[in-house]
Novice: 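Pasting in a structure now, in structure tokens, and then I'll have a few things to ask.
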Amino acid sequence: MTQALIVVDVQNDFCPGGALAVPGGDEVVAPINAMMDRFDAVILTQDWHPAGHTSFASSHPGKDSFDTAEMPYGTQVLWPDHCVQGSDGAAFHKGLRTDGDLIIRKGFRPGIDSYSGFFENDHSTPTGLEGYLRSRGITALTLAGLATDFCVAFTALDAARLGFSVTVELAACRAIDLDGSLQAALEGMESKNINLQS
Ligand code: VGL
Ligand code: ZN
């Protein structure tokens with residue numbers, strides 16, 4: 001079985017001091033670096049939004065961060081401006097090993113968000129990651145990174161739906177946990193036979 005590690009969004013804006021800081025976000029760096037050598041392939045995802053992105057509360061007059069908005073593709077949580085292309089906040093944490101095989105950027109279309117590394121939030125626009133993995137013969141994925149309840153969970157659920165064998169290494173993940181979103185994400189992943197490792 002060819003196994004890949006997918007490192008999700010370990011970027012400055014999701015670490016303490018960042019625009020959308022995940023509690024303890026920087027604590028995933030050391031365990032992820034240590035995991036990398038055990039895999040046949042290492043892929044990093046990078047949240048990569050244009051200024052004025054539709055997922056930013058600042059793009060919706062009268063709305064605050066963490067409110068929701070109805071989009072053509074469903075309900076969207078509105079976030080503080082984060083991971084703007086080329087900004088320091090969008091850069092990987094400086095301690096993270098970035099000597100992986102592929103960096104996949106997502107969320108670059110102005111009018112749609114992309115939590116998953118596989119599909120945008122309409123669940124149908126692909127990023128190309130599936131084709132990359134399949135053409136390399138990769139069948140098993142281990143996920144780690146930020147945030148457990150958004151980009152890690154969405155990536156894991158899409159991977160399971162596509163037929164990959166999926167493990168989430170919870171000790172190398174941290175959550176935003178908005179209104180019970182962590183519990184919901186864990187239950188959702190468990191119900192799809194995703195192996196939650198802790
Ligand atoms: C993420 C919210 C907005 C994540 C990305 O990486 O989990 N969450 N953009
Ligand atoms: Zn984002």
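First listed ligand is number 1; within each ligand, the first listed atom is number 1.
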Novice: Decide, counting backbone as well as side-chain atoms, whether His53 has an N, O or S atom less than 2.8 Å from the Zn ion (ligand 2).
Specialist: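 Short answer: no, not a single N, O or S atom is under the cut-off.
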Novice: Any idea which atoms of ligand 1 are less than 4.0 Å away from a heavy-atom of His82?
Specialist: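 Matching atoms, with element in brackets: 3 (C), 9 (N).
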Novice: Within the stated cut-off of 2.8 Å, is an N/O/S atom of Asp9 closer than that to the Zn ion (ligand 2)?
Specialist: no
Novice: For the Zn ion (ligand 2), decide whether His49 has an N, O or S atom at a distance under 2.8 Å.
Specialist: yes
Novice: Please identify which atoms of ligand 1 are closer than 4.0 Å to at least one heavy atom of Phe14.
Specialist: 1 (C), 4 (C), 5 (C), 6 (O), 9 (N)
Novice: Looking at Thr68, Thr54, Asp67, Asp113, which hits side-chain hydrogen bond (donor to acceptor under 3.5 Å, both in side chains) with Gln76?
Specialist: Asp113
Novice: What protein heavy atom sits nearest atom 6 (O) of ligand 1, and how far away is it?
Specialist: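 Here the nearest protein heavy atom works out to Asp9 OD2, 2.7 Å.
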Novice: To check your reading of the model: name the closest protein heavy atom to atom 1 (C) of ligand 1, its residue, and the distance in Å.
Specialist: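 Here the nearest protein heavy atom works out to Cys151 SG, 3.2 Å.
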Novice: What pairs of residues pass the side-chain hydrogen bond (donor to acceptor under 3.5 Å, both in side chains) test when at least one of them lies in residues 170-180, not counting sequence neighbours?
Specialist: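 The answer is Glu27-Arg174.
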Novice: Which bit of Asp149 gets closer than 4.0 Å to ligand 1, counting heavy atoms only: side chain, backbone, both or neither?
Specialist: neither
Novice: Would you please name every residue forming a salt bridge (Lys or Arg N to Asp or Glu O under 4.0 Å) with Asp64, sequence neighbours left out?
Specialist: none
Novice: Any idea which protein heavy atom is nearest atom 2 (C) of ligand 1, and the distance to it?
Specialist: Trp79 CE2, 3.4 Å
Novice: Within ligand 1, which atoms have a heavy atom of Ala147 less than 4.0 Å away?
Specialist: 4 (C), 6 (O), 7 (O)
